[in-house]
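This report refers to the structure that appears directly beneath it.
The figures that follow rest on heavy atoms only: side chains count, while hydrogens, waters and symmetry mates do not. Counting starts at 1 for both ligands and their atoms, in listed order. This structure is a prediction, so every number in the text was calculated from the model and none was measured.
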Amino acid sequence: MSLQVRQRVSLKAYNSFAVEASARLFAEAHDDDQVRQALAYAAGQGLPVLLLGGGSNLLLTADVEALVLRMASRGIRVIQDDGERVLIEAEAGEPWHPFVQWTLQRGLVGLENLSLIPGTVGAAPMQNIGAYGVELKDVFAGLTALDRRSGELREFTLADCGFAYRDSLFKREAGRWVILRVRFALSRTAPLHLDYGPVRQRLAEQGIDAPTAADVGRAICAIRSEKLPDPALLGNAGSFFKNPLVSAELAQRLRAAHADLVAYPQADGLVKLAAGWLIERAGWKGFREGDAGVHRLQALVLVNYGQASGQQLLALAQRIQADIAQRFAVALEIEPNVL
Ligand SMILES: Cc1cc2nc3c(=O)[nH]c(=O)nc-3n(C[C@H](O)[C@H](O)[C@H](O)COP(=O)(O)OP(=O)(O)OC[C@H]3O[C@@H](n4cnc5c(N)ncnc54)[C@H](O)[C@@H]3O)c2cc1C
């Protein structure tokens, strides 16, 4: 099928912040061939290509002078099933949460803690999505990507991807790789991860003492719906800042000044602080200026109350960063991709 390219398309409906910005050119790729057509078309116009999944990890601060290519390829398939371990492959454009539900409906264990994360399968490896004690890398079995430099397909193993906390080779080499499809190693019997946050407690409240993966998925959906604003109702991109990693000395000094500091020692000696705690303690929770604000229940989430521009949201984020640096000597890093 040949690619349909449109001019000057509003991206408001294509980014979860619902920020107004337009794409010089816009197209949707339903298969590998259309991805190649789009790359060739953009090259012919002398324009870069910006890949887009669900737009839930983006902050658009200006019109995009590029061909915005929305990954719309669909397909989920079982590659291998030995009765215990099951290898699944999904196309980049598959919406993430329905994909997770597809696996849970088949009794597969592995993705339940990643329920209800917005976005697409193809973007999930970009920042090694994580939630409730599980990261994509824990169930990752490989992916196929197109190298925009050489035009060749490449297969990636877990070791190739350089996954880290909200990070990967694909994020570090932004603009080089088009992730086409991702493979997941799931299981019918793997142990569930129940020890993070209120998951176990929520299941106990429901009288579930021997939960299935689907039960865990449902509990996590319920917890997330209470804690996080729904982008369909209030524009946001989830956590706006990464949880910072600091030295043990700094964590100790902060703990001396703030007995209730939320801090998690890491295997490498560093300490992970809760960015949300720092922002809330600095008094930003519920702050609003114009239509840009900090969510009233979740200090880590910046929100667009309606007409905020990407520039206004970025300016607010920078004010928060400067304040946190001054108060706590901690550098907060922005999580979404700022364009
Ligand atoms: C309410 C809310 C809750 C969230 N909760 C979490 C959470 O718990 N954990 C978490 O990790 N994240 C969370 N996020 C962030 C976001 O959902 C994830 O990062 C998600 O994987 C982004 O997917 P997307 O398709 O929307 O990506 P986009 O925002 O469309 O793109 C993100 C980046 O990936 C690139 N990209 C997209 N598709 C491809 C592709 N196929 N190949 C190469 N590059 C590509 C884009 O160019 C861009 O740089 C949350 C966001 C929201 C709004």
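- Minimum heavy-atom separation, Ala90 to Phe184: CB-CE1, 4.4 Å.
- Electrostatic pairing of Arg255 and Asp260 does not count as a salt bridge here, judged by no charged N lying under 4.0 Å from a carboxylate O.
- No donor-acceptor pair closer than 3.5 Å links the side chain of Asn128 to the backbone N or O of Ala124.
- Remark: among candidates Ser16, Gly53, Gly130, the nearest residue to atom 9 (N) of ligand 1 is Gly130, based on non-hydrogen atoms.
- In this structure, atom 22 (C) of ligand 1 lies nearest to the protein heavy atom Ser56 OG, 3.3 Å.
- The backbone N or O of Asn243 lies less than 3.5 Å from a partner atom in the side chain of Tyr165, making a donor-acceptor pair.
- Scanning the protein heavy atoms around atom 49 (O) of ligand 1, the nearest turns out to be Asn337 CG, 3.4 Å.
- At under 3.5 Å, a nitrogen or oxygen of Gly54, whether backbone or side chain, sits near a nitrogen or oxygen of ligand 1.
- Contact detail for Trp102 and Arg106: the closest heavy-atom pair is O-NH1, 2.9 Å.
- Atom 27 (O) of ligand 1 has its closest protein heavy atom at Ala123 CB, 3.3 Å.
- Polar contact check, Ala237 against ligand 1: no nitrogen or oxygen pair lies under 3.5 Å apart.
- Ile179 O, 3.0 Å is the protein heavy atom nearest to atom 41 (N) of ligand 1.
- A donor-acceptor pair under 3.5 Å is absent between the side-chain atoms of Arg149 and the main chain of Arg176, judged by distance alone.
- Listed by atom number, the atoms of ligand 1 under 4.0 Å from Met71 heavy atoms are 41 (N).
- In this structure, Arg288 is positioned above the aromatic face of Tyr305, its NZ or CZ under 6.0 Å from the six-membered ring centre and within 45° of the axis.
- With ligand atoms numbered from 1 in the order given, ligand 1 contributes 23 (O), 24 (P), 25 (O) to contacts under 4.0 Å with heavy atoms of Thr120.
- Remark: ligand 1 atoms within the under-4.0 Å shell around heavy atoms of Gly119 are 23 (O), 24 (P), 25 (O), 26 (O).
- At a heavy-atom cutoff of 4.0 Å, ligand 1 is contacted by both the backbone and the side chain of Asn236.
- For atom 8 (O) of ligand 1, the closest non-hydrogen atom on the protein side is Arg224 NH1, 3.0 Å.
- Near Leu58, meaning under 4.0 Å from any of its heavy atoms, are these atoms of ligand 1: 29 (O), 48 (C).
- With hydrogens left out, the protein atom closest to atom 19 (O) of ligand 1 is Gln127 NE2, 3.0 Å, a heavy atom.
- Distance alone, capped at 3.5 Å, is enough to place a donor-acceptor pair between the Asn15 side chain and the Val19 backbone.
- Under the 3.5 Å distance criterion, the side-chain polar atoms of Gln321 are left unmatched by any main-chain donor or acceptor of Ala331.
- Of the protein's non-hydrogen atoms, the one nearest atom 47 (O) of ligand 1 is Leu51 O, 2.7 Å.
- In this structure, Trp177 counts as a contact residue of ligand 1, since one of its heavy atoms falls inside 4.0 Å of the ligand.
- The atoms of ligand 1 that sit less than 4.0 Å from any heavy atom of Ala131 are 8 (O).
- Of the heavy atoms in Pro118, both backbone and side-chain atoms come closer than 4.0 Å to ligand 1.
- Of the inter-residue distances, the one linking Thr144 atom OG1 with Glu155 atom CD reads 3.5 Å to the nearest 0.5 angstrom.
- Residues passing the side-chain contact (heavy atoms from CB on, under 4.5 Å) test with Ala131, sequence neighbours excluded: Leu114, Ile117, Arg224.
- The Ile117 neighbourhood of ligand 1 comprises atoms 6 (C), 7 (C), 8 (O), 9 (N), 13 (C), 17 (O), with distances under 4.0 Å to a heavy atom of that residue.
- Using a 4.0 Å cutoff on heavy atoms, Glu135 does not count as a contact of ligand 1.
- Using a 4.0 angstrom heavy-atom cutoff, Lys171 does not count as in contact with ligand 1.
- Looking at Gln298 and Glu280, their side chains never come closer than 4.5 Å, going by heavy atoms from C-beta outward.
- Remark: Ser168 pairs with Phe163, Phe170, Lys171 by the side-chain contact (heavy atoms from CB on, under 4.5 Å) rule, at least two apart or across chains.
- Of all protein heavy atoms, the one lying nearest to atom 53 (C) of ligand 1 is Gly238 N, 3.3 Å.
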